[in-house]
Amino acid sequence: MAEANVTISERAARRIGEILKSEGDGAMLRISVEGGGCSGFQYKFDVERERADDDLVVEREDAVVLVDPASVPFLAGSEVDFVDDLIGASFRVVNPNATASCGCGTSFSI
């Protein structure tokens, strides 16, 4: 299995920083993986103020991202990116563990 490291691209860090600043002090972005979506698993993004002791914490510039222990194996080695293209602006997880993904970019299988 890949290392349990998750990275944040410069574009994503900038966008996450903007979102967290608008949410006020102590805001962090939680990324989790849950069952569902068109490919079996999907990414979920939430703004949170509470950090659990066993969360993986990834920081870059003003961005603070939390990943719960159950989601870490699914996200190991991934990079969180922010894409602004013709179909809209969104966070995209570049995940080396995914064997298939869907057009929406939030669902994947392993």
Side-chain angles (χ1 to χ4, degrees):
M1 169 137 46
E3 277 185 52
N5 65 333
V6 177
T7 57
I8 306 168
S9 74
E10 188 178 336
R11 282 185 307 230
R14 212 171 18 247
R15 184 65 185 125
I16 293 167
E18 290 169 8
I19 292 168
L20 297 181
K21 199 175 291 181
S22 72
E23 292 287 334
D25 287 347
M28 298 169 277
L29 182 71
R30 178 173 296 281
I31 301 175
S32 53
V33 173
E34 53 186 37
C38 42
S39 296
F41 294 98
Q42 60 189 357
Y43 303 111
K44 187 175 178 210
F45 300 89
D46 295 297
V47 173
E48 251 190 53
R49 300 197 180 292
E50 296 296 315
R51 175 189 301 191
D53 291 339
D54 54 358
D55 279 338
L56 172 66
V57 180
V58 184
E59 297 183 70
R60 180 169 181 171
E61 296 158 30
D62 295 331
V64 181
V65 173
L66 306 175
V67 182
D68 65 271
S71 299
V72 167
F74 295 104
L75 292 168
S78 294
E79 180 182 54
V80 179
D81 196 10
F82 182 72
V83 181
D84 194 351
D85 56 23
L86 290 174
I87 57 172
S90 63
F91 289 108
R92 193 148 305 151
V93 179
V94 181
N95 189 336
N97 306 301
T99 56
S101 60
C102 67
C104 67
T106 61
S107 181
F108 69 102
S109 62
I110 57 172

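Quantities reported herein were computed from a predicted structural model and do not represent experimental measurements.
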Inset, instruction - Identify which one of Val67, Asp68, Val72 satisfies the side chain to side chain contact (heavy atoms under 4.5 Å, CB included) criterion when paired with Asp55. - result: Asp68

Legend entry - Cluster overlap Leu56 with Phe45, hydrophobic side-chain contacts below 4.5 Å: yes

Legend entry - Nearest non-hydrogen partners of Val64 and Glu59, listed with the distance: CG2-OE1, 3.9 Å

Inset, instruction - Inspect the surroundings of CG in Asp25 and state if more than 12 heavy atoms from other residues, nucleotides or ligands are less than 6.0 Å away. - result: no

Inset, instruction - Give, for atom CG of Leu66 and atom CD1 of Ile31, the distance between the pair rounded to the nearest 0.5 Å. - result: 9.0 Å

Inset, instruction - Write down the atom of Ala63, the atom of Ile8, and the distance for their closest heavy-atom approach. - result: CB-CD1, 4.5 Å

Inset, instruction - Measure the shortest side-chain to side-chain distance between Phe74 and Asn97 over non-hydrogen atoms and say whether it is less than 4.5 angstrom. - result: no

Legend entry - Spatial distance of atom OH (Tyr43) from atom OG (Ser78) [nearest 0.5 Å]: 5.5 Å

Inset, instruction - Step by step, work out the salt bridge (Lys or Arg N to Asp or Glu O under 4.0 Å) result for Arg14 and Glu18. - result: CA-CA 6 Å; Arg14 212 171 18 247; Glu18 290 169 8; 5.5 Å; no

Inset, instruction - Would you name the heavy atoms of Glu50 and Arg30 that are closest together and state the gap between them? - result: O-NH2, 3.7 Å

Legend entry - Joint hydrophobic cluster, Val57 plus Ile19, side-chain heavy atoms closer than 4.5 Å: no

Inset, instruction - Answer yes if Val47 and Val58 sit in the same cluster of Ile, Leu, Val, Met, Phe, Trp and Tyr residues linked by side chain heavy atoms under 4.5 Å apart, and no otherwise. - result: yes

Inset, instruction - Check Val80 against Ala12 and note the closest heavy-atom contact, atom names and distance. - result: O-CB, 3.4 Å

Legend entry - Side-chain touch Val93/Leu75, heavy atoms, less than 4.5 angstrom: yes

Inset, instruction - Please report the shortest heavy-atom distance between Met28 and Arg49, naming the atom on each side. - result: CE-O, 3.4 Å

Inset, instruction - Check Arg92, Glu79, Arg15 against Ser9 for a side chain to side chain contact (heavy atoms under 4.5 Å, CB included) and give me the one that passes. - result: Glu79

Legend entry - Minimal non-hydrogen separation, Ser32 against Ser71, with atom names: CA-OG, 3.5 Å

Legend entry - Heavy-atom side-chain proximity of Phe91 to Ile16 below 4.5 angstrom: yes

Inset, instruction - Output, in order, the C-alpha distance, side-chain angles, deciding distance and verdict of salt bridge (Lys or Arg N to Asp or Glu O under 4.0 Å) for Asp84 and Arg11. - result: CA-CA 10 Å; Asp84 194 351; Arg11 282 185 307 230; over 6 Å; no

Inset, instruction - Answer yes or no: is there a side-chain heavy-atom contact under 4.5 Å between Val6 and Val65? - result: no

